[in-house]
Chemist: 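The structure under discussion is supplied below as structure tokens; questions concerning it will follow.
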Amino acid sequence: MTHDKGPRDDRWYFSLMAPNTKGDKFAWLDPTSIYINGKAYHDLLDDLCADLDTDEIDVVAGLDAMGFVLAAGIAARIGRGFLPIRKAGKLCVDTDSSTMTNYSGKTQNMEMRLPAFAPGTRVLLVDQWVETGGTMQGAVQLVEQQKGVVAGMVAVVIEDNDATAEYRRRYKCVTAIQPGTEWQRQANAQYLESFKTYKPEMAFPV
Ligand SMILES: O=P(O)(O)OC[C@H]1O[C@H](OP(=O)(O)OP(=O)(O)O)[C@H](O)[C@@H]1O
Ligand SMILES: Nc1ncnc2[nH]cnc12
């Protein structure tokens, strides 16, 4: 996809991501502070869309819950529909389900409406963050159960580990934090230098 904003290598909005203040039972950081600020949220969406090959995507699937925020934004920008992949027990129609274990060690079921698309449909999987890759695995399974094709994966970051290395080998992965960068190194270490100067006010809408 083309874009008209010139080089997009500063990714200034990463420093708006908030550190965990609640302890081990929660994710180590909160990217949702980016979404509060219009310029940050739209620059993030622009950066993600700039690296997508839209001709290869039939529908954009968002993973419950925060994946919806990015997936719907991307779907609107690239002119595709939005398919929710939900945590179990929410959809009031027939569903397929899969089981996954995420970064918290919790095992959960995920559901997708049945049927959601015709065989061969190319589905872009979008989540907010990929840590262990467990949640993405549940989504891949749901798409493949209905004979869809995973058209790629999108997230703010995909942390580096064996499972995510396999995703990078198999699928086109588009992330705002780019592999091999200092930001990626800090994300893998689950501590950002920007936490030292982070203030919630930095993300306030202006
Ligand atoms: O790669 P994994 O280890 O599976 O972790 C990634 C998942 O964890 C987070 O969601 P979470 O379920 O915490 O919350 P949400 O409902 O707020 O999206 C994140 O948005 C991914 O969906
Ligand atoms: N939102 C998030 N932030 C950081 N690590 C995560 N792991 C899973 N979700 C995460």
Side-chain angles (χ1 to χ4, degrees), residues 11 13-37 40-41 44-45 48 60-75 82-91 97-112 123-143 150 152-171 173-179 181-195 198 200 203:
R11 316 270 158 146
Y13 44 82
F14 291 156
S15 55
L16 302 184
M17 293 193 290
N20 171 333
T21 59
K22 287 195 168 167
D24 284 355
K25 293 206 173 78
F26 292 82
W28 64 272
L29 128 166
D30 176 32
T32 69
S33 44
I34 295 178
Y35 313 153
I36 301 169
N37 180 281
Y41 176 56
L44 169 61
L45 288 172
L48 294 172
V60 181
L63 276 57
D64 191 346
M66 296 314 300
F68 293 169
V69 175
L70 296 181
I74 290 168
F82 168 78
L83 169 66
I85 293 182
R86 302 226 55 182
K87 289 181 175 133
K90 305 282 186 184
L91 287 166
S97 77
S98 66
T99 303
M100 58 81 176
T101 304
N102 70 9
Y103 67 97
S104 71
K106 240 192 319 193
T107 297
Q108 278 179 300
N109 290 330
M110 296 165 76
E111 292 178 346
M112 188 172 78
V123 183
L124 183 70
L125 294 175
V126 180
D127 205 347
Q128 172 170 269
W129 199 271
V130 180
E131 182 170 331
T132 64
T135 306
M136 272 293 183
Q137 187 51 50
V140 169
Q141 195 182 319
L142 286 170
V143 169
V150 174
M153 295 180 173
V154 176
V156 175
V157 72
I158 298 178
E159 293 181 35
D160 289 331
N161 56 51
D162 289 347
T164 60
E166 183 61 20
Y167 292 154
R168 290 191 205 282
R169 271 193 293 276
R170 293 172 70 127
Y171 307 114
C173 291
V174 171
T175 51
I177 290 185
Q178 292 165 307
T181 61
E182 174 58 20
W183 282 105
Q184 177 81 52
R185 191 192 65 72
Q186 292 179 26
N188 293 340
Q190 302 196 334
Y191 181 83
L192 304 184
E193 290 298 318
S194 56
F195 290 167
Y198 171 80

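For the single chain, residues carry numbers from 1 onward in sequence order. We count ligands from 1, going down the list as the structure has it; atoms in each ligand are counted the same way.
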Chemist: Assert yes or no for the condition that the ring centre distance of Y13 to Y41 is strictly below 6.0 Å.
Modeler: no

Chemist: Just wondering, do L125 and D127 contact through their side chains at under 4.5 Å, heavy atoms?
Modeler: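 Heavy-atom side-chain distance check fails, nothing below 4.5 Å.
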
Chemist: Which of the numbered atoms in ligand 2 are under 4.0 angstrom from any heavy atom belonging to P31?
Modeler: 1 (N)

Chemist: Any atoms of ligand 1 less than 4.0 Å from a non-hydrogen atom of G134? List them with their elements.
Modeler: 1 (O), 4 (O)

Chemist: Short N/O distance, under 3.5 Å, between M136 and ligand 1?
Modeler: no

Chemist: Examine ligand 1 and decide if any of its atoms is less than 4.0 Å from a heavy atom belonging to G133.
Modeler: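 True for this residue.
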
Chemist: Using distance alone, determine whether W129 and ligand 2 share an N or O pair under 3.5 Å.
Modeler: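 Between W129 and ligand 2 (N or O atoms, distance only) the closest approach is under 3.5 Å.
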
Chemist: Step by step, work out the side-chain contact (heavy atoms from CB on, under 4.5 Å) result for K90 and E111.
Modeler: CA-CA 8 Å; K90 305 282 186 184; E111 292 178 346; 6.0 Å; no

Chemist: Of the choices K87, E131, Q108, M110, which has the non-hydrogen atom that lies closest to atom 16 (O) of ligand 1?
Modeler: K87

Chemist: Could you say whether the N/O atoms of A65 and ligand 1 ever approach to under 3.5 Å?
Modeler: yes

Chemist: Of T164, N102, D127, which has the heavy atom at the shortest distance from atom 20 (O) of ligand 1?
Modeler: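 Going through T164, N102, D127 one by one, D127 has the nearest heavy atom to atom 20 (O) of ligand 1.
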
Chemist: Going by the order shown, which atoms of ligand 1 are within less than 4.0 Å of some heavy atom of Q128?
Modeler: 20 (O)

Chemist: Just to confirm my output: which protein heavy-atom neighbour is closest to atom 1 (N) of ligand 2, and how far is it?
Modeler: Q128 NE2, 3.4 Å

Chemist: May I ask you to list the atoms of ligand 1 that are less than 4.0 angstrom from any heavy atom of T132?
Modeler: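 Contacts of ligand 1 toward T132, numbered from 1: 1 (O), 2 (P), 3 (O), 4 (O).
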
Chemist: Can you tell me the protein heavy atom closest to atom 17 (O) of ligand 1 and the distance?
Modeler: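 The closest heavy atom on the protein side is M66 CG, 3.5 Å.
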
Chemist: Do I36 and L16 have side chains that approach each other closer than 4.5 Å (heavy atoms only, starting at C-beta)?
Modeler: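 Heavy-atom side-chain distance check fails, nothing below 4.5 Å.
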
Chemist: Under a 4.0 Å heavy-atom limit, does Q190 contact ligand 2 with its side chain, its backbone, both, or neither?
Modeler: neither

Chemist: So which heavy atom in the protein is nearest atom 3 (N) of ligand 2, and how far is it from that ligand atom?
Modeler: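 Of the protein heavy atoms, L29 O, 2.9 Å lies nearest.
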
Chemist: Identify, for atom 19 (C) of ligand 1, the protein heavy atom at the shortest distance, and state residue, atom and that distance.
Modeler: W129 O, 3.7 Å

Chemist: Among protein heavy atoms, which lies nearest atom 8 (O) of ligand 1, and at what distance?
Modeler: Y103 CE2, 3.1 Å

Chemist: Under 4.5 Å between any side-chain heavy atoms of D160 and R168, yes or no?
Modeler: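 A side-chain contact under 4.5 Å exists here.
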
Chemist: Closest non-hydrogen protein atom to atom 7 (N) of ligand 2, residue and atom name please, with distance?
Modeler: E131 OE1, 2.5 Å

Chemist: Which of these passes ring pair (Phe, Tyr, Trp, His ring centres under 6.0 Å) with F14: F195, W183, Y198?
Modeler: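 Result for ring pair (Phe, Tyr, Trp, His ring centres under 6.0 Å) with F14: W183.
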
Chemist: Can you give each donor-acceptor pair under 3.5 Å made by side-chain atoms of residues 129-140, sequence neighbours left out, with the distance rounded to 0.1 Å?
Modeler:
residue : atom : partner : partner atom : Å
W129    : NE1  : E159    : OE2          : 2.8
E131    : OE2  : Q190    : NE2          : 3.1
T132    : OG1  : G134    : N            : 3.1
Q137    : OE1  : Y167    : OH           : 3.4

Chemist: What's the shortest distance from atom 7 (C) of ligand 1 to any protein heavy atom, and which residue and atom give it?
Modeler: T135 OG1, 3.5 Å

